[in-house]
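Have a look at the structure below before the remarks.
The analysis underlying the following values was restricted to heavy atoms, covering all of them including side chains, and did not include hydrogens, waters or symmetry mates. Bear in mind the structure is a predicted one, so any value in this text is a computation, not a measurement.
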Amino acid sequence: MNVLNGLEPQAVFKYFEEISGIPHGSSDTKRISDYCVDFAKRHNLNYIQDSLNNVIIFKDGSAGYENVPPVIIQGHLDMVCEKESGVEIDFKSEGLKLALNNGVISADGTTLGGDDGIAVAYALAVLESDNIPHPPLEVVFTVDEEIGMLGAAGIDCTPLKSKRMLNIDSEEEGYLLVSCAGGVTAVCHMDCQWETREGIHADITVSGLLGGHSGVEIDKERANACKILGRILYGLKSKLSFDILNVNGGLKDNAIPREASASLLIDKKDISNIKDYVKDVSEILSNEYKNTDKDISIEVKLNEEKTAKVMVGSLKDRIITALVNLPNGIQKMSSDIEGLVQTSLNLGILTTSEEEVSMSFSVRSSISTEKDELVARLKCLMEALGGSVTCSGDYPAWEYMKDSGLRELMLQIYEEQNGRKPIVQAIHAGVECGLFAGKISGLECVSFGPDIKDIHTPAERMDVESVKRTWEYLLEILERLCHNF
C-alpha cells in the first residue's frame with residue numbers, strides 16, 4: 001500500500017501498514033500470529049506460539065544491559081471489524097484501505113485497528129532495532145482481547161520472568177492508566193417457536209447512530225440501536241397488530257450498536273398507520289438524541305404481501321418486554337473517583353436464529369460483587385420471561401497499586417519530555433493488565449498509548465505526531481529501565 005511511507009518513526013509505520021494488510025479480526029488471528037512468528041524467525045529471536053495463537057517473543061538486553069531485570073511489552077493482535085453501511089469488504093480475506101489526511105491516519109469506511117495494531121508495530125520496531133538501549137524484552141502479543149480477553153485469560157505466563165509490564169493499549173496521549181474495571185459477557189436466550197402467517201412485509205431499521213466503545217464511551221449517553229428498536233416495537237403495539245419475523249442489531253458486545261432492524265408482517269389496512277408511527281417516532285428520537293446522535297434515522301420499508309414464519313404466541317411480547325426492560329448503560333458512578341463509571345452494561349448484539357433470539361451484553365464493574373449482582377438482574381428478568389442467561393469471558397478488575405516504581409518513573413519521564421505531568425487515571429474499559437497481574441505475583445503495570453479517536457467505529461483515526469511522541473516516550477522508558485531497578 002505504501003500510504004504511510006516516509007512517516008516518522010519509519011519502522012513503526014512500516015509495521016503498522018503491514019499489519020493493516022493482514023485480516024486480523026477477533027477469532028481470526030492465525031495469520032497475524034504467524035506473521036509475528038515469521039518476524040521472530042527472520043530476526044533469530046526465541047518465541048513461543050501457543051494453541052490460542054498468543055505469541056511471546058524474547059530478546060536479550062542491549063549491550064551492557066543483558067543482566068538487568070527484564071520488562072514486558074504487551075498488546076493484542078485482534079481488532080474490532082466494523083464498517084459503514086454500504087461499504088463492501090470481506091474482513092476475513094481483505095486488508096484495510098489506509099488513508100492519510102492532514103497528519104491523521106484512518107481507514108476508508110472501516111475501523112482502523114489502531115486498537116491495538118499500534119502496540120504491535122511499536123514492539124516489532126523495538127525488536128528489530130540494534131541501536132535502542134533496552135533491558136531484556138519479553139514481548140507478549142495476545143489474541144481475542146476484544147471478545148473477552150480470551151488470549152490473556154488462556155496464556156501461560158510461567159515463561160515470563162519480568163515483574164514490570166508496559167501495556168500499550170490506551171488511546172489518549174498524556175494519560176497513564178493504572179486501574180480498570182473487570183467484566184463478563186452475559187448472553188440472554190429466548191427459545192423460538194414458529195408459525196406461518198400472511199401479511200405485508202415491513203422492515204423497520206434504526207441507523208445513523210455514532211456507536212463507540214462500550215467502556216470508554218458509555219458515559220457519553222449515546223443511543224443504543226437495539227434498545228431504540230425495543231422502544232419502537234413497544235410503541236407500535238398500541239398502533240396496530242403485527243407479527244415478528246426477526247430482530248437483529250449490533251456486531252460486538254463491547255461496541256455500542258449503531259444499527260438494528262426488525263422484520264414484521266402487518267395487515268394491508270395498517271400501511272398508513274405504520275408509516276405515520278415511524279414518522280412520529282423519528283421526530284421524537286431526533287430531538288432526544290440531537291446532541292449525541294444527530295444523524296439517527298428510523299425508516300420503514302414496505303414490501304409485497306408474503307407468507308412467512310413468524311414468532312408464535314407470546315414470544316413477540318416477551319422479546320419486546322426484554323428489549324425495553326433489560327438494563328443498559330451506566331448503572332453506578334464511583335464515589336471514590338470523580339467522573340469514573342463504576343458499573344455498566346451494554347446490549348451489543350441482538351440476533352435471531354431458527355432456535356432462539358439472543359441478546360449479548362458486555363457487563364463491567366470495578367467492584368466484583370456489583371458485576372455479579374448485575375448479571376443476577378439479567379437472570380431474574382429472563383427467568384420471569386421464560387428465558388435464560390449464559391456467561392463467558394469473565395475477567396478480573398485491575399486494582400490500583402499504591403507503591404509502583406514503574407509508575408513513578410513513567411510520570412517523571414513524561415514530565416521531563418513534555419513539561420507537564422500526565423494524568424494518572426482508572427478507566428471503566430477492560431484491559432488485559434488485570435489478568436496478567438492475577439497470573440504474575442507482584443507485577444507492576446502501566447497502560448499508555450498515542451491519540452486514537454472513535455475506536456471500534458468506522459470513524460477511528462490515529463494522530464501521526466502523537467504516535468511519534470509516544471514512540472520517543474517508550475524509548476526513554478526502556479533506556480531508563482536499564483538503570484532503574
Q: Consider only side-chain N and O atoms of S404 and E444, and report whether a donor and an acceptor are under 3.5 Å apart.
A: yes
Q.
Does any part of the side chain of L7, heavy atoms only, come nearer than 4.5 Å to the side chain of V467, both counted from C-beta?
A. no
Q: Start with the C-alpha gap between I232 and V206, add the side-chain angles, then the distance that decides, and say whether side-chain contact (heavy atoms from CB on, under 4.5 Å) holds.
A: CA-CA 9 Å; I232 291 170; V206 181; 3.8 Å; yes
Q | L209 side, atom CG; I296 side, atom CD1 - distance, nearest 0.5 Å | A | 5.0 Å
Q) Do F361 and V389 come within less than 4.5 Å of each other through their side chains, counting heavy atoms only? A) no
Q: Over 60° means perpendicular and under 30° means parallel, so classify the ring planes of Y473 and F448, tilted if in between.
A: perpendicular
Q) Roughly how far apart are D28 CG and I22 CD1, rounded to 0.5 Å? A) 11.0 Å
Q. Can you check whether V341 reaches M333 side chain to side chain, under 4.5 Å on heavy atoms?
A. yes
**Q.** Distance in Å, S286 OG paired with I298 CD1, rounded so as to fall on 0.5 Å steps
**A.** 7.0 Å
Q: Measure from the side-chain N and O atoms of R461 to the backbone N and O of A459, and report whether any donor-acceptor pair falls under 3.5 Å.
A: yes
Q. Closest approach of C36 and I57, non-hydrogen atoms and distance?
A. O-CD1, 3.7 Å
Q. Tell me, do N346 and P257 make a side-chain contact under 4.5 Å, heavy atoms counted?
A. yes
Q. Between the side chain of S365 and the main-chain N/O of Q342, is any donor-acceptor distance below 3.5 Å?
A. yes
Q: Would you check if the side chain of H24 reaches a backbone N or O of I32 as a donor-acceptor pair within less than 3.5 Å?
A: no
Q: Could you tell me which non-hydrogen atom of S162 sits nearest to which non-hydrogen atom of I440, and how far apart they are?
A: O-CG2, 3.8 Å
Q | Option among R420, R469, K421 that satisfies the side-chain hydrogen bond (donor to acceptor under 3.5 Å, both in side chains) test with Y414 | A | R420
Q) Taking atom OG1 of T110 and atom CD of E460, what is their separation to the nearest 0.5 Å? A) 8.5 Å
**Q.** Note, Y395 side chain near E145 side chain (heavy atom, < 4.5 Å)
**A.** no
Q.
Quick one: does any side-chain atom of R222 pair with a main-chain N or O of G211 as donor and acceptor, under 3.5 Å?
A. yes
Q: In sequence, state the C-alpha distance, the side-chain angles, and the governing distance for Q74 and D169, and then conclude on side-chain hydrogen bond (donor to acceptor under 3.5 Å, both in side chains).
A: CA-CA 8 Å; Q74 192 266 321; D169 192 18; over 6 Å; no
(Q) Is there a side-chain contact (heavy atoms from CB on, under 4.5 Å) between R364 and I218? Walk through the geometry before answering. (A) CA-CA 11 Å; R364 304 175 189 268; I218 199 71; over 6 Å; no
Q: Spell out, as yes or no, whether a donor-acceptor pair under 3.5 Å connects the side chain of E138 to the backbone of K161.
A: yes
**Q.** K220 atom NZ: more than 12 heavy-atom contacts under 6.0 Å
**A.** yes
**Q.** Interatomic distance, H134 atom NE2 to L474 atom CG [nearest 0.5 angstrom]
**A.** 11.0 Å
Q.
With a 4.5 Å cut-off on side-chain heavy atoms, are C445 and W398 touching?
A. yes
Q. Given E408 and Q412, is the side-chain hydrogen bond (donor to acceptor under 3.5 Å, both in side chains) satisfied, shown in steps?
A. CA-CA 6 Å; E408 294 306 310; Q412 179 182 344; over 6 Å; no
Q. With the threshold set at 4.0 Å, does a side-chain nitrogen-carboxylate oxygen contact exist between E288 and R231?
A. yes
Q.
If we ignore hydrogens and angles and just use 3.5 Å, is the side chain of K59 paired with the main-chain N or O of L127 as donor and acceptor?
A. yes
Q) Is it true that atom CD of E476 has more than 12 heavy atoms of other residues, nucleotides or ligands lying nearer than 6.0 Å? A) yes
Q: May I have the step-by-step check of side-chain hydrogen bond (donor to acceptor under 3.5 Å, both in side chains) for Q417 and E472, ending in yes or no?
A: CA-CA 9 Å; Q417 288 186 333; E472 293 167 352; 6.0 Å; no
Q. Is a side-chain donor or acceptor of D295 paired with a backbone partner of G208 at a separation under 3.5 angstrom?
A. no
Q: Please assess S360 against T185 for the test side-chain contact (heavy atoms from CB on, under 4.5 Å), listing each intermediate value before the final yes or no.
A: CA-CA 7 Å; S360 182; T185 299; 3.6 Å; yes
Q: Decide side-chain hydrogen bond (donor to acceptor under 3.5 Å, both in side chains) for H76 and D144; before the verdict, give the C-alpha distance in whole Å, the side-chain angles of both, and the deciding distance to 0.1 Å.
A: CA-CA 8 Å; H76 62 85; D144 297 340; over 6 Å; no
**Q.** K468 backbone acceptor or donor facing E8 side chain under 3.5 Å
**A.** no
**Q.** Note: D38-R42 ion pair, threshold 4.0 Å (strictly below)
**A.** no
Q: Over all heavy atoms of both residues, which pair between N248 and T352 is shortest? Give the atoms and the distance, please.
A: OD1-N, 3.0 Å
Q.
Can you confirm whether more than 12 heavy atoms, excluding those of E66, are under 6.0 Å from its CD atom?
A. yes
Q | Gap separating the CG atom of L345 from the CD atom of Q331, nearest 0.5 angstrom | A | 5.5 Å
Q. So, for H483 and Y65, which heavy atoms are closest and what is the spacing to 0.1 Å?
A. CE1-OH, 3.1 Å
Q. More than 12 non-hydrogen atoms from neighbouring residues, nucleotides or ligands closer than 6.0 Å to CD on E416, yes or no?
A. yes
Q | L378 to C188 - nearest heavy-atom pair and separation | A | CB-SG, 4.4 Å
Q. Under a 4.0 Å N-O cut-off, is there an ion pair linking E146 with K252?
A. no
Q | Under 3.5 Å donor-acceptor, E217 side chain and H213 backbone | A | yes
**Q.** Candidate list V12, T470, D463, test side chain to side chain contact (heavy atoms under 4.5 Å, CB included), partner P450, passing option
**A.** T470
Q | pair V87-D108: side-chain heavy atoms closer than 4.5 Å | A | no
**Q.** Nearest heavy-atom neighbours spanning I73 and A123
**A.** CG2-CB, 4.0 Å
Q) Are any side-chain N or O atoms of K83 and backbone N or O atoms of D90, one a donor and one an acceptor, separated by less than 3.5 Å? A) no
Q. Among I155, V140, T142, whose side chain to side chain contact (heavy atoms under 4.5 Å, CB included) with E432 holds?
A. T142
Q.
Any non-hydrogen side-chain atom of L52 less than 4.5 Å from a side-chain atom of L150?
A. no
Q) More than 12 foreign heavy atoms under 6.0 Å from CG of D60: is that the case here? A) no
Q.
Using the rule given for side-chain contact (heavy atoms from CB on, under 4.5 Å), can you reason through L210 versus K294, listing the C-alpha separation, both sets of side-chain angles and the distance that settles it, and then say yes or no?
A. CA-CA 9 Å; L210 192 57; K294 61 183 179 61; over 6 Å; no
